[in-house]
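To start, the structure under review is shown below, and the notes come after it.
Being a predicted model, the structure only gives us computed values, none of them experimental. Both ligands and their constituent atoms are indexed starting at 1 by order of listing.
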Amino acid sequence: MTAAPQPRTDVPAIQVRALHKYFGKNEVLKGIDFNVDQAEVVCVIGPSGSGKSTLLRCVNRLEEPTSGEILVEGIDICDPEVDLDGVRSRIGMVFQQFNLFPHLNVMKNLTLAQRTVKGRSKDEAVEIARRNLDKVGLAGKESAYPAHLSGGQQQRVAIARALSMDPDMMLFDECTSALDPELVGDVLAVMKDLASEGMTMMVVTHEMGFAREVGNKVVFMDGGVVVEEGLPDAVLGEPQHERTKAFLSKVL
Ligand code: ADP
Ligand code: MG
């Protein structure tokens with residue numbers, strides 16, 4: 001038996017080639033190509049139903065690609081022999097709905113997977129959890145239950161939980177879309193900090209200000225294809241395609 005391929009730092013963090021995804025007869029991704037470089041922040045924008053979530057979910061194989069290639073740190077994640085748990089353990093994901101365990105307090109939310117998946121001791125898991133709670137501005141909330149936190153606090157707990165697994169990259173799927181407007185800023189601030197620390201991030205978002213300020217690249221999707229991608233100022237400020245212009249005229 002050959003050893004499993006090791007993650008590489010000398011290649012893009014994520015490489016997507018000719019990715020197609022069907023749900024039944026519905027072709028939702030129609031040949032997607034793009035890279036996310038290491039330490040790059042790529043913001044994916046586009047109308048509802050354009051395939052953004054499906055694309056993100058293919059990157060850690062929550063969805064099974066129909067065809068095409070996805071390399072994560074150089075590892076082909078569609079290879080039947082791939083160590084999928086290993087790959088997934090290096091990818092943190094934060095969803096629109098916070099997906100915290102409602103019956104566990106904040107500390108237990110942050111330590112559970114550290115204990116079961118990473119095999120960390122309780123003391124180590126607690127220390128790492130504390131560090132990450134502090135990082136998202138929630139030191140002192142260890143014993144709170146999710147229902148007693150605001151949506152913005154819950155989402156920051158979800159980010160702290162993902163960070164506690166030491167991911168090499170983070171995927172965010174409209175993680176501020178369910179929040180009251182006044183709570184969005186705190187979550188975006190945490191994401192901005194992460195970006196400035198060099199975290200590789202793929203961010204599906206409707207927050208054009210964030211995309212412009214924090215993104216290194218913006219990818220505009222519509223109808224299952226990448227219509228346009230480039231520097232945020234270029235894509236958002238001087239879009240080249242009619243579809244991009246039409247979308248931006250509605251959201252900006
Ligand atoms: P977006 O995130 O851009 O709104 P999605 O990736 O969620 O788009 O959805 C793209 C298309 O795929 C939509 O038409 C949606 O109905 C369809 N779709 C998404 N998930 C499933 C699924 N599990 N089964 C069938 N169709 C799906
Ligand atoms: Mg979506």
### Message
Atom CD of residue position Glu81 - does it have more than 12 heavy atoms of other residues, nucleotides or ligands inside 6.0 Å?
### Response
no
#### Entry: Neighbour count >12 (heavy atoms, 6.0 Å) for atom NZ, Lys141
no
Inventory of protein N or O atoms under 3.5 Å from ligand 1 N or O:
unit_1   : atom_1 : unit_2 : atom_2 : d
ligand 1 : 2 (O)  : Ser53  : N      : 2.9
ligand 1 : 2 (O)  : Ser53  : OG     : 2.8
ligand 1 : 3 (O)  : Ser50  : N      : 3.2
ligand 1 : 3 (O)  : Ser50  : OG     : 3.4
ligand 1 : 3 (O)  : Gly51  : N      : 3.0
ligand 1 : 3 (O)  : Lys52  : N      : 2.9
ligand 1 : 3 (O)  : Lys52  : NZ     : 2.8
ligand 1 : 4 (O)  : Gly49  : N      : 2.7
ligand 1 : 6 (O)  : Thr54  : N      : 2.9
ligand 1 : 6 (O)  : Thr54  : OG1    : 2.5
ligand 1 : 8 (O)  : Gly51  : N      : 3.2

### Hydrophobic cluster of Tyr145, others only, ordered by chain and residue number, side-chain cut-off 4.5 Å
none
### Task
Flag the pair Lys118 and Glu124 as a salt bridge only when some basic side-chain nitrogen lies within less than 4.0 angstrom of an acidic carboxylate oxygen.
no
### Query
Taking the six-membered ring of Phe23 as reference, does the NZ or CZ atom of Lys21 fall below 6.0 Å from its centre and within a 45° cone about the axis?
yes
### Query
Do Arg130 and Glu127 meet the salt-bridge criterion of a basic N to acidic O distance under 4.0 Å?
no
### Query
Name the one of Arg243, Lys30, Lys52 that satisfies salt bridge (Lys or Arg N to Asp or Glu O under 4.0 Å) with Asp222?
Arg243
When the side chains of residues 83-90 are checked against the rest of the protein, which donor-acceptor pairs come out under 3.5 Å, sequence neighbours left out?
unit_1 : atom_1 : unit_2 : atom_2 : d
Asp83  : OD1    : Gly86  : N      : 2.9
Arg88  : NE     : Asn60  : O      : 2.8
Arg88  : NH2    : Asn60  : O      : 3.4
Arg88  : NH2    : Arg61  : O      : 2.8
Ser89  : OG     : Gly86  : O      : 2.7
Arg90  : NE     : Glu73  : OE1    : 2.9
Arg90  : NH1    : Gly86  : O      : 3.2

## Note on the structure
For the Mg ion (ligand 2) the protein N, O or S atom count under 2.8 Å stands at 1
### Task
Using a strict cut-off of less than 4.0 Å between a Lys/Arg side-chain nitrogen and an Asp/Glu carboxylate oxygen, indicate whether Arg17 and Glu69 qualify as a salt bridge.
no
